[in-house]
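Report on the following structure.
No experiment lies behind these values; they were computed from the predicted model shown. Throughout, a chain's letter reflects where its sequence line sits, starting with A, and its residues are numbered from 1.
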Amino acid sequence: MFEARMAQAALLKKVLEAVKDLVTDANWDCTSAGISLQAMDSSHVSLVSLLMRKDGFDMYRCDRPISLGINIASMTKIMKCANNNDAVTLRAEDEGDTVVFTFESADQEKVSEFEMKLMDIDSEHLGIPEREHTATVKMPASEFHGICRDLSTIGETVQVSVTKEGVQFTASGDTGKGTITLRNNSSVDEESQQVVITMQEELSLSFALRYLNFFTKATALADSVTLSMTADLPLVVEYRIEDTGYIRYFLAPKIDD
Amino acid sequence: TPIQNELLEYYALV
């Protein structure tokens with residue numbers, strides 16, 4: 001038996017928002033530690049990795065590991081039936097082929113139950129080693145969102161350059177060129193507004209803005225985002241979900257022909 | 001134009 005209850009439907013809605021443009025179907029892997037999901041987009045260029053540890057739930061029970069194969073669009077439709085303040089419980093039998101969503105209103109006067117059929121999904125799981133990166137940039141999530149949106153009006157590719165001076169995002173296209181530079185401002189009082197750059201050596205990498213724009217759908221989940229970069233390796237874009245998990249996106253770099 | 005690499009060039013399927 002798997003059963004997990006979270007106090008606010010809003011959180012699960014935000015998680016789905018952050019996943020649905022990248023992934024059609026995905027296995028939600030539930031263990032006694034929590035829920036995780038790893039899925040690549042259909043072109044195998046990017047990957048989303050979600051972790052929601054059990055301590056982020058009001059109630060969590062997972063008798064044995066279970067993978068819930070879920071069509072993200074169907075789950076999104078069901079979650080739209082919940083109010084943001086509703087409590088949500090997910091429930092699945094060990095050998096069952098459905099997952100049940102229960103929404104309870106804050107005043108407990110309304111209870112809705114939706115049953116969704118599970119899918120059999122062949123998951124393509126990638127082994128991604130945890131590693132130190134050459135450069136990391138922590139910045140307000142809304143700032144990163146704005147930069148990706150603004151540079152998309154200029155070109156399809158962004159060059160991210162990290163130097164001692166700061167981090168520079170550059171896009172160029174038929175109509176011209178755009179450059180946005182952020183400087184280290186780790187002295188700003190409010191942590192969520194800080195730009196914190198760590199760097200072992202200068203580097204410059206190019207990425208497709210189309211995917212970065214998908215990643216910024218997670219902006220509502222966290223105040224800050226961290227970009228981790230190493231030459232010739234995929235970019236890691238991480239949004240922390242409070243203190244109980246994260247959503248990480250990986251994007252292979254573009255390499256000059 | 002830069003070539004878009006795939007993740008499979010960096011990470012193995014497990």
### Message
Taking side chain as everything from C-beta outward and backbone as N, CA, C, O, which of these in Ser43(A) sits under 4.5 Å from a heavy atom of chain B? Side chain, backbone, both or neither.
### Response
backbone
Electrostatic pair [X]:[Y] at N-O distance under 4.0 angstrom:
X	Y	result
Arg64(A)	Glu95(A)	yes
Lys217(A)	Glu17(A)	no
Lys254(A)	Glu6(B)	no

### Task
Could you grab the distance from atom CZ of Arg53(A) to atom OG of Ser36(A), nearest 0.5 Å is fine?
11.5 Å
### Task
For each of Leu47(A), Asp256(A), Asp232(A), Ile128(A), tally heavy-atom pairs with chain B at distances under 4.5 Å, and name the one with the top tally.
Ile128(A)
#### Entry: For chain A, the option from Leu8(B), Val14(B), Leu7(B) that forms the most heavy-atom pairs under 4.5 Å
Leu7(B)
### Summary
Turns out that what part of Tyr10(B) lies under 4.5 Å from chain A's heavy atoms comes down to side chain
